[in-house]
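Following: one structure in structure tokens, then a few remarks.
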Protein chains: 2
Amino acid sequence: MAQERNTEELIIEAARRIFIKRGLAGARMQDIADEAGINKAMLHYYYRSKEKLFEIVFDEAFSKMVGRLGAVLNKPMPIEEKIRTLIDHYITSIAETPYVPIFVLNEINQQPEMMIKRVSSQPSFPDIMAFMKEVVEAGKKGIIKEISPLQLFLNIVSMCIFPFVARPLIQGIFQQDNIQFNMLIEERKKLVGDVIISWLKP
Amino acid sequence: MAQERNTEELIIEAARRIFIKRGLAGARMQDIADEAGINKAMLHYYYRSKEKLFEIVFDEAFSKMVGRLGAVLNKPMPIEEKIRTLIDHYITSIAETPYVPIFVLNEINQQPEMMIKRVSSQPSFPDIMAFMKEVVEAGKKGIIKEISPLQLFLNIVSMCIFPFVARPLIQGIFQQDNIQFNMLIEERKKLVGDVIISWLKP
DNA sequence: ACTTGATTTAACCATCTGGTTGAACAAAGG
DNA sequence: CCTTTGTTCAACCAGATGGTTAAATCAAGT
């Protein structure tokens with residue numbers, strides 16, 4: 001058999017870069033081929049179609065964005081510490097692949113049906129649900145204020161993700177260079193925790 | 001001269017719907033023509049090119065999203081009341097055109113250069129800057145906690161906008177129908193204020 | 001060396017897409 | 001009535017785009 005086996009992975013890496021940068025509608029098969037340094041026909045040899053290739057990239061991105069929530073959520077920990085850890089870890093995780101959220105959110109808005117399939121097969125959802133129950137329990141016990149767990153969750157995720165989604169807007173308006181922006185994000189790992197916890201104080 | 005003068009506006013309305021739904025890369029001139037109930041050539045007669053048409057729609061959307069912040073910000077009001085009013089009004093405003101934010105954010109990420117021109121000509125930016133100074137002043141006077149005004153601003157905007165950007169995700173994960181989602185948003189008009197204010201208590 | 005099966009390529013195809021053209025049409029002014 | 005001027009349309013065009021094909025290449029097994 002001929003050349004390296006990693007052509008397959010080479011294609012995925014290229015597809016990942018192009019799709020995340022330009023989105024499904026904006027990405028061109030030729031661009032992906034160029035990015036991978038191969039011929040356009042090879043894309044169809046390894047992955048039947050643009051949609052197939054996209055699906056792989058999207059699945060991966062979706063898991064990266066949603067899945068990482070679960071990691072911290074199911075560890076036994078006082079609720080306050082758990083929330084602070086969650087925020088810190090989640091921001092850190094997103095910062096590693098900062099363009100994933102806008103990509104995922106935009107594609108989901110473009111084809112909401114895509115979501116439906118992934119939802120059921122996302123292993124971290126049970127953890128999220130369990131966490132929300134935990135919040136209700138802690139509220140009843142008076143450990144924290146009684147609030148809607150969904151709203152809490154939304155607030156956390158909003159403050160963690162949004163800055164990355166609005167990055168060019170923020171940098172444009174407030175004239176922040178990349179270093180300043182990264183410092184801003186770094187500061188948020190603790191700050192967002194402060195915001196949430198002060199709200200939850202009974 | 002022939003038919004109605006409002007063909008022009010008819011086209012813009014159609015373009016608005018299609019562009020906001022599919023984005024620049026995903027929108028087809030034919031779709032816009034169909035949506036407006038006219039011939040494709042008319043689009044080019046009234047507006048030279050796809051880019052020109054897009055620019056008009058994008059400018060409008062950008063102003064709608066960013067501009068409405070200024071309205072409340074420059075009114076004289078105690079800082080706490082101002083923040084609460086800002087949040088309430090901003091969420092209400094976005095809820096009227098809920099698909100605008102994801103459209104604007106995605107296009108800005110696609111072509112960050114676009115931003116640069118709009119930033120300077122956005123009349124509400126001075127108001128934002130003034131507000132941030134006001135926050136610092138209030139911090140020094142001990143009216144509120146001393147925090148980074150940029151982070152405050154980011155937190156507010158995150159919690160106001162993000163739910164709309166992530167709408168299909170939220171509805172998918174938490175099985176919320178449209179009515180439930182709208183109630184969630186309604187609740188946030190006060191709730192987000194609570195979160196911010198409790199954080200700012202000195 | 002020859003076969004085999006996976007891999008790679010250039011050339012090609014049908015369709016789509018943004019944009020153009022030239023003619024038809026409709027009214028207002030003379 | 002006829003010219004003028006803004007408006008509308010069907011037909012067309014060149015280039016892009018996703019996808020196909022048939023032939024070439026390569027490495028291993030025989």
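Note that these values count all heavy atoms, side chains included, but never hydrogens, waters or copies made by symmetry. All values reported here derive from a predicted model rather than from experimental measurement. By convention in this document, chain letters (A, B, ...) are assigned in the order of the sequence lines, proteins followed by strands, and residues within each chain are numbered from 1.
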Under 6.0 Å between ring centres: does that hold for [X] and [Y]?
| X | Y | result |
| --- | --- | --- |
| B/Phe162 | A/Phe162 | no |
| B/Phe164 | B/Tyr99 | no |
| A/Phe153 | A/Phe131 | no |

### Query
Is the shortest distance from a Lys or Arg side-chain nitrogen in B/Glu186 or B/Lys189 to a carboxylate oxygen in the other one below 4.0 Å?
yes
### Query
Does a donor on one side chain and an acceptor on the other come within less than 3.5 Å for A/Gln151 and A/Asn155?
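The criterion, which ignores hydrogens and geometry beyond distance, is not satisfied for A/Asn155 and A/Gln151.
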### Message
For the residue pair B/Gln122 / B/Ser124, report whether a side-chain donor-acceptor contact shorter than 3.5 Å exists.
### Response
yes
Whole-Å distance separating the [atom1] atom of [X] from the [atom2] atom of [N]:
| X | N | atom1 | atom2 | value |
| --- | --- | --- | --- | --- |
| B/Tyr47 | D/dT7 | OH | P | 11 Å |
| A/Leu53 | D/dT17 | CG | P | 16 Å |
| A/Phe54 | D/dG19 | CZ | C1' | 19 Å |
| A/Tyr45 | C/dG5 | OH | P | 13 Å |
| A/Arg22 | D/dT17 | CZ | P | 11 Å |
| A/Glu8 | C/dT8 | CD | P | 10 Å |
| B/Leu43 | D/dT7 | CG | P | 15 Å |

## Note on the structure
Only residue of B/Ile94, B/Val100, B/Thr92 satisfying side-chain contact (heavy atoms from CB on, under 4.5 Å) with B/Glu96 is B/Thr92
### Task
Kindly state which residues belonging to residues 12-19 of chain A come within less than 4.0 angstrom of DNA chain C, counting heavy atoms of the residue only, listed by number.
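Per residue number, the list is empty: none.
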Atom pairs, N/O to N/O, protein against nucleotides 18-22 of chain C, distance under 3.5 Å?
residue	atom	partner	partner atom	Å
C/dG18	OP1	B/Ala27	O	3.3
C/dG18	OP1	B/Arg28	NH1	3.3
C/dG18	OP1	B/Lys50	NZ	3.1
C/dG18	OP2	B/Met29	N	3.1
C/dG18	N7	B/Lys40	NZ	3.3
C/dG19	OP2	B/His44	NE2	3.3
C/dG19	OP2	B/Lys50	N	2.8
C/dG19	N7	B/Lys40	NZ	2.9
C/dG19	O6	B/Lys40	NZ	2.3

### Message
Just to verify, what does A/Lys133 make a side chain to side chain donor-acceptor pair (under 3.5 Å) with, not counting sequence neighbours?
### Response
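Residues passing side chain to side chain donor-acceptor pair (under 3.5 Å) with A/Lys133: none at all.
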### Nearest to side-chain heavy atoms of B/Ile38, which nucleotide of D/dC9, C/dT8, D/dT8
D/dC9
### Query
Has A/Tyr46 got a side-chain N or O lying under 4.0 Å from the OP1 or OP2 atom of C/dT8?
yes
### Query
OP1 or OP2 of C/dT8 less than 4.0 angstrom from a side-chain nitrogen or oxygen of A/Thr7, does that happen here?
yes
### Query
Should we count CE of A/Met183 as having more than 12 external heavy atoms under 6.0 Å?
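Atom CE in A/Met183 is not packed in, count stays at 12 or less.
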